[in-house]
Structure formats: structure tokens, C-alpha cells
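We count ligands from 1, going down the list as the structure has it; atoms in each ligand are counted the same way.
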Amino acid sequence: MDGKARVIFVLGGPGVGKGTQCQKIQEQNEEFVHLSAGELLRQARESGSENGEVIMQCINQGTIVPAEITVDLLRQAMVAHGWEKKRFLVDGFPRNEDNYQKWYDMMEAVEVEYCVFMDCDVDAMAERIKARGSARSDDNPEVFKKRITTYNEQTKPIIDRFSDLGKLRRVDGNLDVDSVYEQMLNILKD
Ligand code: ADP
Ligand code: C5P
Ligand code: MG
């Protein structure tokens, strides 16, 4: 870990298309690695992590897992990919104050370039989750509502903070996948 890892946070509400965009960017642009915080948590739970119980409870309540757990998983994944070799698209993080503070407390040798905010109407996000048709235990109307509450109350203030710091890049997430992708590429050029 001689050099710095370069990180771009990608935030937006549930179902906005964070995973879709980050995956596409990773596939079509060699310098990027996509890391979904939610996906890392689901994998940790499925692989029998000692934190499996708390992860499952938070996911099923639409609340945020204690940040030590998530930051550790992100760090391990970044090390596995080669710390300073790539630009990491960290999707779904930092979701609240705890995520934000622990990231800066626990992570050294990291440069956060900026945060991309995928902005979208709640109704469109609800439709997209429905259409996703996943087997995820939190992809149902009841937990979706709780995830939106968490997003409004805890994630939006973090998005505002990046804006105040001059580190927010907004895209219109209401548009189709290709149009959003075009906006993403425009941002990632810098
Ligand atoms: P997130 O990771 O933000 O929760 P996903 O990338 O999993 O969201 O996308 C949620 C669902 O919406 C998926 O079924 C995906 O195919 C679809 N989707 C993603 N982006 C768009 C878009 N711009 N327009 C319409 N549907 C989209
Ligand atoms: O981003 P994704 O929709 O995959 O997140 C699913 C769930 O994982 C969230 O609702 C939350 O319970 C958990 N999560 C978390 N902390 C993060 C990202 C996801 O607790 N930084
Ligand atoms: Mg996702």
C-alpha cells in the first residue's frame, strides 16, 4: 500500500440504478473496479460471517449496518483488487454519518475524488425495484418504504455535505440507462 487508492462514491436512492451503472463502467473501462457496499454485506452474511446476524437484521429493517463492518469489507476488497492500481467506484456508501466518519477514521492512503449523486423520483425508483424482480428479502414495498426513510433522513445530509465541500457531481437518474451512462462517463473523465 505505497500509493493512494482512488475512490469515487456513488450515492442515490434504492433502485436508482447504481449497480447497473457501476457494473457497466467496470465492464467497459479497464481502470475502474465496482464495489457495492450492499453486495459485500450480503456476501459476508451468506459466507457465514460472525456479523451475519446483525447484517441480516439491518437489511431487513432498511437500516444501516455499523460502519466498522462495512469499512472492513470495503478495505479487504480494495486490497484484493490492488490498492493503488484502480479507481474504485464505491456504490451505496457512505450512507450515513457513521459510515462517513468511520471511513475517514479507518481508511488511510485513500483519495476520495468526489461523490456521484444519482438523483431520481421516488416513484421511478419504486417501479425499478418492482421490475428488478429480485429474490432479495428487502425488495418488497414494506422494506422499500423504510429504505426510503433511511435515505431521506440519513443519506441525503451526507449528499448535501459533499455538495458543500464542492465534491458532488449530480446526474439525472430519471433518464434511461444509456443516457445516465453518458452523463457518468462525462463526470469520470475528470
Ligand atoms: P441500485 O443498485 O441503485 O439499487 P440497480 O442498478 O440494481 O439499482 O437497478 C434497479 C433496477 O432498475 C434493475 O432492474 C435495473 O435493470 C433497472 N434500471 C437501472 N437503471 C435504470 C434506468 N436508468 N432506467 C430504467 N431502469 C433502470
Ligand atoms: O445498496 P443496496 O441496496 O444493496 O443496500 C441494501 C442494504 O444493505 C441497505 O438497505 C442497508 O441495510 C445495507 N447497507 C448498509 N450500509 C451500506 C450499504 C448498504 O447497511 N453502506
Ligand atoms: Mg445495488
For the [atom1] atom of [X] and the [atom2] atom of [Y], what is their distance to the nearest 0.5 Å?
| X | Y | atom1 | atom2 | result |
| --- | --- | --- | --- | --- |
| Thr155 | Asn99 | OG1 | CG | 8.0 Å |
| Lys86 | His81 | NZ | NE2 | 8.5 Å |
| Lys156 | Ile158 | NZ | CD1 | 13.5 Å |

Which protein heavy atom lies closest to [atom], and at what distance to 0.1 Å?
| atom | result |
| --- | --- |
| atom 1 (P) of ligand 1 | Lys18 N, 3.6 Å |
| atom 11 (C) of ligand 1 | Arg128 O, 3.5 Å |
| atom 19 (C) of ligand 1 | Thr20 OG1, 3.4 Å |
| atom 7 (O) of ligand 1 | Arg132 NH1, 2.7 Å |
| atom 2 (O) of ligand 1 | Gly19 N, 2.9 Å |
| atom 23 (N) of ligand 1 | Leu175 O, 2.8 Å |

Under 4.0 Å from any heavy atom of Val177, which atoms of ligand 1 are there? 20 (N), 21 (C), 22 (C), 23 (N)
Please state which part of Ile129 comes within less than 4.0 Å of ligand 1, counting heavy atoms only: side chain, backbone, both or neither. neither
Side-chain donor-acceptor pairs under 3.5 Å in residues 137-147, sequence neighbours left out?
unit_1: Ser137; atom_1: OG; unit_2: Asn60; atom_2: OD1; d: 2.6
unit_1: Asp138; atom_1: OD1; unit_2: Arg136; atom_2: NE; d: 3.0
unit_1: Asp138; atom_1: OD1; unit_2: Arg136; atom_2: NH2; d: 3.4
unit_1: Asp138; atom_1: OD2; unit_2: Arg136; atom_2: NH2; d: 3.0
unit_1: Asp139; atom_1: OD1; unit_2: Arg132; atom_2: NH2; d: 3.0
unit_1: Asp139; atom_1: OD1; unit_2: Arg147; atom_2: NH1; d: 3.0
unit_1: Asp139; atom_1: OD2; unit_2: Arg132; atom_2: NE; d: 3.0
unit_1: Asp139; atom_1: OD2; unit_2: Arg132; atom_2: NH2; d: 3.1
unit_1: Asp139; atom_1: OD2; unit_2: Ser134; atom_2: OG; d: 2.6
unit_1: Asn140; atom_1: OD1; unit_2: Glu142; atom_2: N; d: 3.3
unit_1: Asn140; atom_1: OD1; unit_2: Val143; atom_2: N; d: 2.9
unit_1: Asn140; atom_1: ND2; unit_2: Ser137; atom_2: O; d: 2.9
unit_1: Arg147; atom_1: NH1; unit_2: Asp138; atom_2: O; d: 2.9

Please tabulate protein-ligand N/O pairs under 3.5 Å for ligand 2, atom names and distances to 0.1 Å.
unit_1: ligand 2; atom_1: 1 (O); unit_2: Arg95; atom_2: NH1; d: 3.2
unit_1: ligand 2; atom_1: 1 (O); unit_2: Arg95; atom_2: NH2; d: 3.1
unit_1: ligand 2; atom_1: 3 (O); unit_2: Arg136; atom_2: NH2; d: 3.1
unit_1: ligand 2; atom_1: 3 (O); unit_2: Arg147; atom_2: NH2; d: 3.4
unit_1: ligand 2; atom_1: 4 (O); unit_2: Arg42; atom_2: NH1; d: 3.0
unit_1: ligand 2; atom_1: 4 (O); unit_2: Arg42; atom_2: NH2; d: 3.1
unit_1: ligand 2; atom_1: 5 (O); unit_2: Arg95; atom_2: NH2; d: 3.1
unit_1: ligand 2; atom_1: 12 (O); unit_2: Thr63; atom_2: O; d: 2.7
unit_1: ligand 2; atom_1: 20 (O); unit_2: Val65; atom_2: N; d: 2.7
unit_1: ligand 2; atom_1: 21 (N); unit_2: Gly92; atom_2: O; d: 2.9
unit_1: ligand 2; atom_1: 21 (N); unit_2: Asn99; atom_2: OD1; d: 3.0

ring-ring contact (aromatic ring centres under 6.0 Å, His included) partners for Phe9, two or more places apart: Phe93, Trp103, Phe162
Between ligand 1 and Gly15, can you find any atom pair, the residue atom being a heavy atom, that is separated by under 4.0 Å? yes
Touching ligand 1 at all, Asp91? Heavy atoms, strictly under 4.0 Å? no
Would you confirm whether Gln183, through its side chain, and Val171, through its main-chain N or O, come within 3.5 Å as a donor-acceptor pair? no
Using distance alone, decide if ligand 1 has a nitrogen or oxygen within less than 3.5 Å of any nitrogen or oxygen in [X].
| X | answer |
| --- | --- |
| Gly17 | yes |
| Gly173 | no |
| Ala131 | no |

Counting C-beta onward and ignoring hydrogens, is there a side-chain heavy-atom pair between Asp98 and Ile64 closer than 4.5 Å? no
From the list Val33, Leu188, Asn29, side chain to side chain contact (heavy atoms under 4.5 Å, CB included) partner of Leu89 resolves to Leu188
Relative to Phe117, does Arg169 satisfy both conditions: NZ or CZ under 6.0 angstrom from the six-membered ring centre, and within 45 degrees of the ring's axis? no
Would you mind writing out the side-chain donor-acceptor pairs for residues 47-56 within the sub-3.5 Å range, not counting sequence neighbours?
unit_1: Ser47; atom_1: OG; unit_2: Gln43; atom_2: O; d: 3.0
unit_1: Ser47; atom_1: OG; unit_2: Ala44; atom_2: O; d: 3.2
unit_1: Ser49; atom_1: OG; unit_2: Asn51; atom_2: N; d: 2.8

Inspect the contact between Glu127 and Lys130 and indicate whether a charged nitrogen and a carboxylate oxygen are less than 4.0 angstrom apart. yes
Taking atom types as modelled, find out whether Asp172 and Asn174 have a side-chain donor-acceptor pair closer than 3.5 angstrom. yes
